[in-house]
There are 2 protein chains.
Amino acid sequence: MDERKRKQTYSISDLAREFDVTTRTIRFYEEGGLLQPLRDGQTRIYTDEDRVKLKLILRGKRLGFSLAESRELIEMYDPSEGNIKQLNALLNKIHQRRDVLMQQLADIEVMRHELDEAEERCRQAMQECLSVN
Amino acid sequence: MDERKRKQTYSISDLAREFDVTTRTIRFYEEGGLLQPLRDGQTRIYTDEDRVKLKLILRGKRLGFSLAESRELIEMYDPSEGNIKQLNALLNKIHQRRDVLMQQLADIEVMRHELDEAEERCRQAMQECLSVN
DNA sequence: CTATACGTTTACGTTAACGTAAAGATATCG
DNA sequence: CGATATCTTTACGTTAACGTAAACGTATAG
């Protein structure tokens with residue numbers, strides 16, 4: 001096994017700075033069971049794995065997922081201890097998720113097109129406005 | 001002018017049914033100034049224009065926009081009474097919005113890829129599970 | 001006539017996702 | 001030693017986006 005994997009760790013404010021969230025937010029995610037950092041006495045110690053999880057949570061957030069949903073997403077990445085029923089449930093969730101994503105893609109395409117049109121109307125209105133004066 | 005444009009109208013529950021929201025939701029949007037239906041006595045009457053606006057609001061919602069943001073989007077579609085400064089502000093908002101959309105597109109692409117991988121891992125885990133029994 | 005369906009206003013309740021403040025431990029710098 | 005920075009827990013506050021319930025008109029079908 002390649003032991004050059006740097007076992008880097010982070011403080012709570014390291015992560016807060018990197019991802020531009022407050023420490024309160026990170027602790028809140030821990031309350032919800034989304035993160036389980038190590039401890040050095042009282043102080044929280046975050047591993048690279050925790051960092052990845054936080055990244056996942058924030059990406060989910062940008063896509064409009066709730067924390068509960070993000071937790072599900074995170075759990076998808078480690079289906080090691082599951083029985084077949086749980087795995088089937090997971091597959092269903094994955095498919096549902098994909099449907100939502102496809103809907104969002106379609107929405108975004110439509111909206112982008114309409115934003116282009118809105119911009120064009122804006123420009124034209126400005127032209128008219130200028131040529132009047 | 002072509003007068004075959006049907007001036008169709010809708011009741012509040014017509015729209016509620018069509019878009020699968022409650023009437024409370026539609027009235028709430030009106031409270032926020034997002035819709036301004038006509039009235040027949042007490043009863044609200046919705047035009048095709050109102051219907052389009054509602055559609056915009058709900059699409060915005062699917063994309064994670066707040067109602068305040070959706071209101072801005074709606075206002076983009078009628079920049080008739082604006083002066084040049086307002087139009088410039090509008091253009092800026094449009095560009096901001098587009099940036100967010102591009103970020104969402106990138107997020108979705110990444111996530112779709114990861115969902116594919118998660119599904120694959122799921123399937124393999126199920127295979128192993130089955131071949132053991 | 002009355003029951004049923006649909007509309008209205010008013011108003012308090014709820015949930016998620018944090019914000020904010022208080023009060024204290026620990027460590028390091030000068 | 002005191003100031004400053006960074007961490008902690010505890011706990012109440014806040015905002016958005018509705019839900020839910022009460023109490024009341026209106027009209028139409030049986």
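Just so it is clear: chains get the letters A, B, ... in the order the sequence lines come, proteins before strands, and each one is counted from 1.
- Taking side-chain N and O atoms only, A:K61 has a distance below 4.0 Å to OP1 or OP2 of C:dC18.
- Distance B:R71 CZ to D:dA17 P: 10 Å, rounded to the nearest Å.
- In this structure, B:R97 forms a cation-pi arrangement with B:F65, its terminal cationic atom sitting closer than 6.0 Å to the ring centre and no more than 45° off the ring axis.
- Taking a 4.0 Å limit (strictly below) on heavy-atom distances, residues 13-30 of chain A reaches DNA chain D at A:S13, A:R24, A:R27.
- Taking atom CG of A:L38 as the reference point, atom P of D:dC7 lies 16 Å away to the nearest angstrom.
- Using a 4.0 Å cut-off, some side-chain N or O of A:S11 falls inside it from OP1 or OP2 of D:dC7.
- Note on B:E30 versus B:K53: no salt bridge recorded, every NZ/NE/NH1/NH2 to OD/OE distance being 4.0 Å or above.
- One finds a salt bridge joining B:E109 and B:R112 here, because a Lys/Arg side-chain nitrogen approaches an Asp/Glu carboxylate oxygen to under 4.0 Å.
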>> What verdict does the side-chain hydrogen bond (donor to acceptor under 3.5 Å, both in side chains) test give for B:N92 and B:Q96, after you've listed the backbone C-alpha separation in whole Å, the side-chain angles of each residue and the deciding distance to 0.1 Å?
In response: CA-CA 6 Å; B:N92 285 334; B:Q96 285 178 31; over 6 Å; no
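- Here C:dA25 presents its C1' atom at 13 Å from CG of A:D40, a figure rounded to the nearest Å.
- The nearest whole Å value for the distance from the OH atom in B:Y46 to the P atom in C:dT8 is 6 Å.
- Here the P atom of nucleotide D:dC18 and the CD1 atom of B:I12 are 13 Å apart, to the nearest Å.
- Between A:E119 and A:R123 a salt bridge is recorded (basic side-chain N to carboxylate O distance below 4.0 Å).
- Separating the CD atom of A:Q42 from the C1' atom of D:dT8 is a distance of 5 Å, rounded to the nearest angstrom.
- One can place CD of B:E31 at 13 Å from P of C:dT8, the figure rounded to the nearest angstrom.
- Across every non-hydrogen atom of B:S70 and B:L34, the tightest pair is C-CD2, 4.2 Å.
- Distances from the side chain of A:S66 to the nucleotides D:dT8, C:dG7, C:dA17 place C:dA17 closest.
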